[in-house]
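Data first, discussion second: the structure below is written as structure tokens.
Keep in mind that this is a model prediction, so the values were computed, not measured. Below, chains carry the letters A, B, ... as their sequence lines are ordered, and counting in each starts from 1.
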Amino acid sequence: MTGTLLYGGAIGLVIIGLYAIVARRHLMRNIFGLAVMESGVNLLLASVGYRPGGHAPILVAGAAPGPLVDPIPQALVLTAIVIGFGVLALALALVVRVRQAYGTLDNRAVARRLRAENGEARS
Amino acid sequence: MSELDFLFAFAAVLIAGVMCCGRDGRAGWAAMAVYGAMLVAVMAAAGKVAGGSIPSALGFSVLGHKIGWRMDGLGWFFSMLTAGAAFFASWYAAGEWGRAQPGMKTQHLLLALNVAAMLLLVNAGDLLSLFIGWELVSWAAFAMMAQKGGPAQPAAMRYMIYALAGAMAVLAGIMIVHAVTGSFAYKDFAAAFGAMSSGMKWLLAGLFAAGFGVKMALMPFHLWQAAAYSETPGASSAFLNAVSARMGLFALILVLVKVMGLSALAGLHVPLIGLSAKGLLMWIAAFTMVIPTFIALMQTDARMLLTWHGIGQGGYMLLGVLVGTGLGTAGGLLHVFNYATYQMALFLAVTAVIHRTGTSDLDRLGGLITRMPWTYVTLLMGIIGLAGLPPMNGFVSKWMIYRSLLDSGSAFLLIFAFVGTLGTILSVYKLIHNIFLGRLRPQHEGVREAPWSMVAPMLALGGIGFVTGWFPGLALNLTDIAQAAMGAPELPHGLGGVATARGSLNMIWVVSILLVAIGFGAIVFYFLGNRRYEVNQLNNYAGGHFLSPQVPYQFSHEFYPGLARVIGPWYRGSIVRAEQGIGTLLDVSGDLWRGIYHLAWTPLYLLAATVIALGWAIMGGM
Amino acid sequence: MTDKPLKSHVRPPQDTMPGGAGQGCPAPDAQTRSIWRRIMDDFADHCRARSLFVLHYCTGCGAIELPPTITSRFDMERVGITPMVTPRQADILLITGYLSLKTLKRVILSYEQMQGPKYVLGFGSCTINGGMYWNSYATMKRLDQYIPTDLFIAGCMPRPEAVQQVLLKLIEDIDAGRANAWQDYYRNYDFYLGNQQRLFGAGWNTPTDVIGEARHYGYYGPGTEGEHTRLLAEGGGSAARLAHAEYPSTALTGRIKS
Amino acid sequence: MRLLADIVLMPLIAFITGLFLVLMYRRVRAKIERRVGPPFFQPVYDIVKLFAKKTQISHGVMHDLSIVLLLGGYITAEIFLPVPGFKGLAEEGDLLTLIYIMMVPMLGLALGVGSCANPNGSIGISRALTAMLAYDVPLAVAIIGATMTYGTTNLVEIVRIQQEGGMATWGIATMPLLAIGGYLAVHGMFGKEPFEIYIAPAEIATGPMVEMSGKYMGALFIMQCFQLYTIGVLYVTLFLGGGENWPLFLIKVAAVVFISVAVTNVYGRYRTDKVVRWMWKWPTGIALLGLALVMAK
Amino acid sequence: MSQSLPAIIYPVAIPLMGAFLLPIGARRMAELAGLFGRIVVLLSFSTSLALAVSIWTAGPAVSAMGGFAAPLGIVFYADRLAMLFLLALNVAVFLFWPRGQGAKGGPCTLMLALLAGGSGLILSGDLFNIFVFYEITAVASYGLAASGRTHAGFAAALRFLILGSVGSSLMLIGIALIYARTGTLNLADLSRIAPHALTGPVGLAAFILLLAGLGVKAELVPLNTWVPEVYGAAPARVSALLAGVVSKLAMVVALRFVVQVFPGDGAHTVLLVAGILGVLAGELAAWRAGSLMETFSYSSIAQLGMVALAFSISGAAGIAAGIALALHHAVVKPAFFMLAARWRGPVGGLAGAVKDSPLAVWLFVILSLSIIGIPPFPGFWAKFLFLKAAFAAPSAGVWIAVFVMLAGTVVEAAYLFRAVLVFFADGERGGSTPRFAFAQLAPALGLGAVLLAAMVFIAPLGASISGMADEASNAAAMAARVLDRGE
């Protein structure tokens with residue numbers, strides 16, 4: 001039961017994050033959505049290693065206390081969080097630049113200005 | 001170094017020569033000399049090629065496939081045509097016409113490139129080299145058509161799209177053959193073709209017929225040829241008209257007739273109607289004969305009229321070859337030779353008219369016979385050939401095609417052929433009447449005859465047409481070699497023509513009697529009446545009205561009003577609308593796809609994809 | 001009406017000089033003819049008499065007389081006379097009634113466009129002396145001053161029998177080789193041109209090059225060129241001159257025609 | 001040597017028979033109009049008078065060459081047309097050659113009229129060519145049907161086949177529909193009344209003949225004789241069993257021309273497009289039906 | 001037999017170290033950054049060259065990180081396919097090193113990071129390791145996209161970043177799914193377990209998620225909305241690099257997954273559909289594109305679609321065709337981008353360009369002839385291999401793929417030669433089109449020379465490509481090399 005609860009929660013977070021990116025037009029909300037989504041994914045990744053009744057996978061004095069939790073997903077989550085953090089920093093820097101450049105953070109307006117500058121004639 | 005290598009060497013030397021010193025005046029004559037040498041080399045190789053084929057050193061192997069070139073009878077025939085056409089085109093361009101042209105160096109260069117590409121195509125050793133040659137010919141022709149700029153470019157663009165679509169079909173066909181037989185050689189393809197399933201046979205026949213049909217401007221793909229060939233500058237367009245469209249016929253003959261074999265094609269039956277693949281192709285050839293001819297009837301530009309006829313004549317050749325009997329194939333191939341001679345003469349004559357008067361619009365010409373008599377004579381010989389009337393060679397090949405159609409009992413095809421000939425007679429008369437006969441317009445008063453450097457090649461071509469018309473045996477010897485290589489049954493023929501059990505033709509007698517009779521008519525005419533007095537063209541019956549130069553007294557616009565009232569409504573241009581339909585479909589879907597990239601935020605699909613994937617994942621149970 | 005044999009009971013030809021009232025035309029073409037030539041000419045005259053194409057230029061009120069003569073009532077085809085549309089192919093030019101000046105120009109042009117032995121028949125009194133329009137400003141009074149006329153038919157519109165009579169008379173003249181009035185047009189072109197220019201203005205001319213034809217066929221006589229044709233030469237307003245200026249030559253060889 | 005005789009005699013016979021046919025044509029017309037009609041030698045008189053014209057007007061070399069081509073074309077056609085007693089060159093050139101040789105004079109005339117620089121002539125020729133296109137379609141169908149049944153295009157052979165079987169194997173017996181369709185086309189070929197649009201004296205002043213005078217017109221009269229003769233003999237050869245002896249042959253040719261002439265004089269003149277529509281509807285329909293029957297056998 | 005070679009790590013280590021040392025050095029001597037960066041790239045190129053030579057001679061190499069054995073430890077696996085694309089990446093980075101005002105510290109560092117990420121991506125044999133290197137490459141490319149310092153650059157980079165991050169998260173979910181089902185992340189190990197563990201809808205879902213991640217960089221249809229924006233806004237050298245080589249790396253990784261982890265035909269059909277849509281979208285959008293740069297962006301989508309089509313055909317022939325198409329596109333597209341950099345604005349304005357810069361126009365003609373696939377040029381042989389592979393295993397989907405590919409070629413030829421005809425048209429009097437300085441044209445001419453060279457040496461090139469393909473196609477051998485090390 002706990003498994004489905006965990007996975008359901010993680011996937012719920014992902015879907016909320018995605019909804020924020022897709023439905024909202026404000027770039028900052030999109031970035032927040034991105035962060036929510038990454039946390040959801042990390043939660044999913046971590047919950048994969050869950051074993052009911054498992055202990056922390058630390059060998060105390062050479063003997064394991066009982067059923068251990070799978071350590072590998074935790075390692076993966078560590079890296080994923082770091083990567084998420086890095087990408088988020090870059091995103092915020094770019095948002096500041098876009099705000100200076102276009103004075104607006106509405107995704108649709110930014111996209112239209114961007115295409116105009118690229119010289120894409122709207123034939 | 002076999003003759004074929006000499007040929008390729010000549011072509012390469014020519015390209016290099018024109019590339020480096022194409023500018024100075026003598027380049028034209030030098031090019032002509034080289035083409036002449038090529039023609040002689042090809043003729044010399046006639047003996048060796050009659051039996052087997054001449055191998056060539058040119059060849060390489062890529063990704064495990066050996067690609068090579070060799071010349072067999074069919075290749076020899078078309079190489080001879082190419083070299084001959086190039087010889088006359090360069091002879092014409094070397095004279096004053098060439099000096100009057102703006103970019104003559106590019107024209108010489110493109111002509112040399114075209115000849116080289118055609119030699120590579122017609123002497124292809126296997127399917128892959130055939131495709132390589134085919135592409136080179138397409139692109140060389142594209143360059144030649146687009147060189148004049150202005151209206152020539154959209155016409156060339158349209159040609160390029162058709163040609164490339166055709167080439168892709170051919171490439172697909174070749175690769176399917178490779179997938180089935182594992183090699184590109186003709187004999188493997190021929191051997192395996194019999195055993196293929198009828199669906200596969202239909203697919204291959206369809207792909208090759210469509211691909212090669214595009215170049216030959218067969219019926220559904222014929223829209224590009226008229227505009228493209230008319231916009232090319234004079235001598236090159238004469239070359240293109242005479243030979244370039246026939247490359248499609250060469251490939252069709254090579255693949256459909258020689259490799260697949262007409263009997264196999266006849267075996268394939270269209271499920272509903274009792275028509276076989278061969279029958280279907282013959283009917284396409286029949287329609288290609290008639291409809292372009294009647295479109296030509298309605299043209300008001302001389303070059304467009306001639307190019308539309310070029311498409312029509314292509315139908316005759318294909319029909320002749322597809323009949324399959326010795327007589328039919330010989331008729332088809334002879335028609336290729338005859339067509340090359342008179343179509344080139346016609347186009348050079350029209351170019352001479354353009355050179356002198358500046359226009360080829362039939363509504364603004366007239367009465368030039370008094371100013372350009374020799375051009376008139378060439379055009380006359382050309383139209384007699386094009387219409388297929390006795391003294392000229394056009395008649396012989398048409399007679400043979402009709403005779404073979406009669407033997408094979410396909411009466412309705414013969415009716416189409418006959419109606420095509422009638423249409424040709426009407427439209428060629430309109431051509432010669434609107435340009436040379438009728439009233440000389442005041443502005444053409446000072447026009448002089450075209451210079452001798454232009455008139456000589458024209459008359460030479462007309463002469464060839466007349467001589468091969470009088471002694472068709474000369475031309476039939478050439479087609480025998482091609483026929484033998486094609487595997488078609490041998491045709492017994494004398495110098496005068498063909499003697500079959502059910503009706504024979506001896507042109508020596510026909511033309512001699514015609515000349516004797518004309519001599520007799522001349523005697524009756526010149527000696528029985530009083531001496532004739534030539535009058536001014538203003539001394540003409542006009543219902544008592546006094547004619548003066550300012551009064552336009554010429555009937556040339558819309559030359560067949562009665563006929564136009566009857567067949568006018570039939571010109572709905574349904575195929576043109578179909579083509580435009582495809583164009584707009586392409587544009588609309590292009591906008592649609594491009595629109596997707598302009599949506600504000602597109603990863604809606606991501607959302608859908610993820611929801612589905614996640615659902616699966618959970619359902620599958622972690 | 002059976003095909004009655006033609007007997008030569010006609011009175012001898014009068015020698016008439018142009019300008020004289022009512023005189024006929026000069027002696028027939030006088031060059032000496034060899035035996036063979038004479039036989040050929042006789043045979044030709046024989047056929048010419050029996051095959052006449054009529055261009056009835058229906059100007060006045062006489063036109064209605066012609067259908068009965070041509071069709072079943074009097075049927076001139078019995079003697080080989082059939083109607084013809086254009087002057088080029090016609091032999092006989094029928095002037096059926098009065099000729100206004102405007103029509104006269106067209107008649108002269110049509111006459112010049114006719115070929116070789118051509119004959120003009122004047123119908124009714126209007127062509128003889130102006131008829132009822134004798135004092136009108138608009139009509140020409142005597143036809144033979146402007147184009148050489150073979151025969152006149154008196155009557156203010158002669159009946160078909162009269163027309164038939166004159167046609168048979170013409171056939172006899174042709175058969176005898178006397179109907180040579182047409183050569184007079186070439187021989188005395190200046191006289192006729194003078195009369196025409198008196199009506200239509202000094203430099204008036206038709207596009208036909210009559211002098212050239214006269215020289216070509218050997219009918220160039222003293223009367224062909226005179227002071228009236230000189231006006232022609234110095235560039236009067238005639239269409240032919242314009243033609244020569246615009247189209248110096250039509251022959252293949254491009255020589256300027258005189 | 002026999003061939004030399006053929007070459008000289010056949011055109012001569014053709015010309016003489018042609019004269020008779022022209023005479024018959026004018027006599028029949030006269031009789032229909034309750035007139036006496038021209039004397040016996042009238043066609044000869046006309047031709048001699050035209051040749052004897054003292055002044056001959058020409059519009060350039062092509063105008064003369066066209067007349068020469070015209071006469072030459074028809075003389076050649078006569079030589080290739082087998083008649084009883086003379087084989088001529090029918091062996092060397094067959095029916096298809098003959099059809100094309102008959103087009104050479106038409107093209108020659110067209111070129112000559114064109115060089116006369118007279119729009120009446122050009123309009124006439126454009127109508128003549130349109131009419132040719134119109135009547136040649138049913139004619140082609142008839143000819144193809146005939147060659148299909150006889151199996152050969154060699155005219156001498158065709159005549160022989162029809163001779164052997166007597167009346168039963170005549171073209172008109174074996175393929176009646178084709179014969180009728182062919183006859184309607186042949187009637188168009190004569191270029192007489194219902195399809196005389198290209199002469200049309202009232203509108204375009206005798207069309208092509210507008211500038212023809214003197215010996216040019218004479219040559220056209222000769223052409224008319226040859227035309228009547230050639231077409232008549234062609235039809236007789238194909239459908240009426242050809243000539244086994246001269247009198248019967250002449251009667252047949254005269255019959256063919258007579259029916260056409262009789263029909264001619266009771267009809268007005270069709271407009272050009274009406275000619276095309278009529279020719280492509282009735283004669284072509286009948287001939288195609290006949291062809292279908294022939295193909296079915 | 002495979003050899004254990006610690007040297008595999010150098011192509012990744014050197015650029016990574018360079019990337020981190022460069023900003024320190026660059027603070028004091030700004031112009032030194034460019035030079036130092038180039039030296040690092042040359043160094044990494046030489047080591048990869050040495051590595052490639054040893055692999056060419058002795059066969060694929062494996063190296064376990066930190067001595068941990070395969071199933072648990074992270075493994076680097078390098079075969080000839082990886083080496084080919086590694087060398088291509090090094091050459092491309094060297095060729096398109098930022099110049100002019102962009103050559104300050106930032107872009108150079110990102111270039112080196114891109115080089116490191118790309119090398120790692122191509123060499124690593126572990127699933128999560130691939131994800132990490134993919135992220136490094138992605139971040140580097142976001143930075144480089146913005147390196148133009150133009151407004152459009154920042155906006156495009158941001159939108160690209162958001163799209164890329166969403167893709168990466170999905171990839172992570174995929175990895176999580178795979179780990180949950182199989183318990184291992186090592187590609188070789190997976191290739192043994194996957195056939196019976198990852199079959200059915202779960203396997204397909206995993207593949208779709210992984211492909212979604214990779215698809216962003218490999219310009220597959222639903223995910224390539226960033227392509228016209230970024231290539232338009234970024235400096236031409238960056239676009240050339242991204243379109244030319246980096247997208248191919250992602251495609252090769254996708255190939256690895258298809259060959260090793262998802263051999264079933266479900267994955268192949270997904271790739272096929274993505275390919276067909278890619279070609280359709282690319283060609284049709286390019287037909288209506290306004291400027292040259294936009295045309296080439298869409299054209300690169302189409303070409304990548306063709307590579308995906310090739311890889312979707314299972315078996316060595318498909319892979320060989322894919323490699324040939326990818327390699328050919330990697331040579332031609334960057335040259336096109338360099339040309340488009342100077343010829344900005346709508347195509348109509350470039351009339352008469354042949355008079356102003358004939359060399360560039362003739363290069364454009366040769367490149368278009370090759371990309372359309374006209375016989376003497378290598379582009380034809382790439383298409384030839386694809387058709388040969390396609391018709392070897394004809395199925396309904398493959399027929400559609402072939403038709404779309406051929407029709408796409410016709411449309412491509414149409415819009416390329418529409419531009420060529422404009423170049424050759426006589427421009428309005430006095431109007432002049434932008435001229436090319438030799439420096440701008442140098443890389444394009446270099447690539448043109450490579451193309452002509454490939455045209456001449458087509459036979460040996462063809463042989464080596466098919467050898468590479470055979471080696472990369474049998475998953476069992478790769479698994480054996482990695483797992484049965486016999487320590």
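Using a 4.5 Å cut-off between heavy atoms, A/Val95 touches chain E through backbone and side chain atoms alike. Only the side chain of A/Leu34 comes within less than 4.5 Å of a heavy atom in chain E; its backbone stays farther off.
The distance from the CG atom of A/Leu45 to the CD1 atom of E/Ile175 is 8.0 Å, given to the nearest 0.5 Å. Between the CD1 atom in A/Ile83 and the OG atom in E/Ser165 there is a gap of 11.0 Å [rounded to 0.5 Å].
With a 4.5 Å cut-off on side-chain heavy atoms, A/Ile31 and E/Leu161 do not count as touching. The shortest side-chain heavy-atom distance between E/Tyr179 and A/Asp70 falls under the 4.5 Å cut-off. Side-chain atoms of E/His151 and A/Arg97, non-hydrogen and from C-beta on, never get closer than 4.5 Å to each other. Side chains of A/Val48 and E/Leu177 form no contact here, defined as non-hydrogen atoms less than 4.5 Å apart. Side-chain atoms of A/Arg115 and E/Glu229, non-hydrogen and from C-beta on, do get closer than 4.5 Å to each other. Using a 4.5 Å heavy-atom threshold, the side chains of A/Asn107 and E/Arg159 count as touching.
Evaluation of the side chain to side chain donor-acceptor pair (under 3.5 Å) test over residues 166-177 of chain E, restricted to residues two or more places apart or in two chains, returns E/Glu135-E/Ser168.
Here the shortest heavy-atom pairing between E/Ala155 and A/Tyr102 reads CB-CE1, 3.5 Å.
Residue E/Arg418 qualifies as enclosed at atom CZ: its count of foreign heavy atoms under 6.0 Å is above 12.
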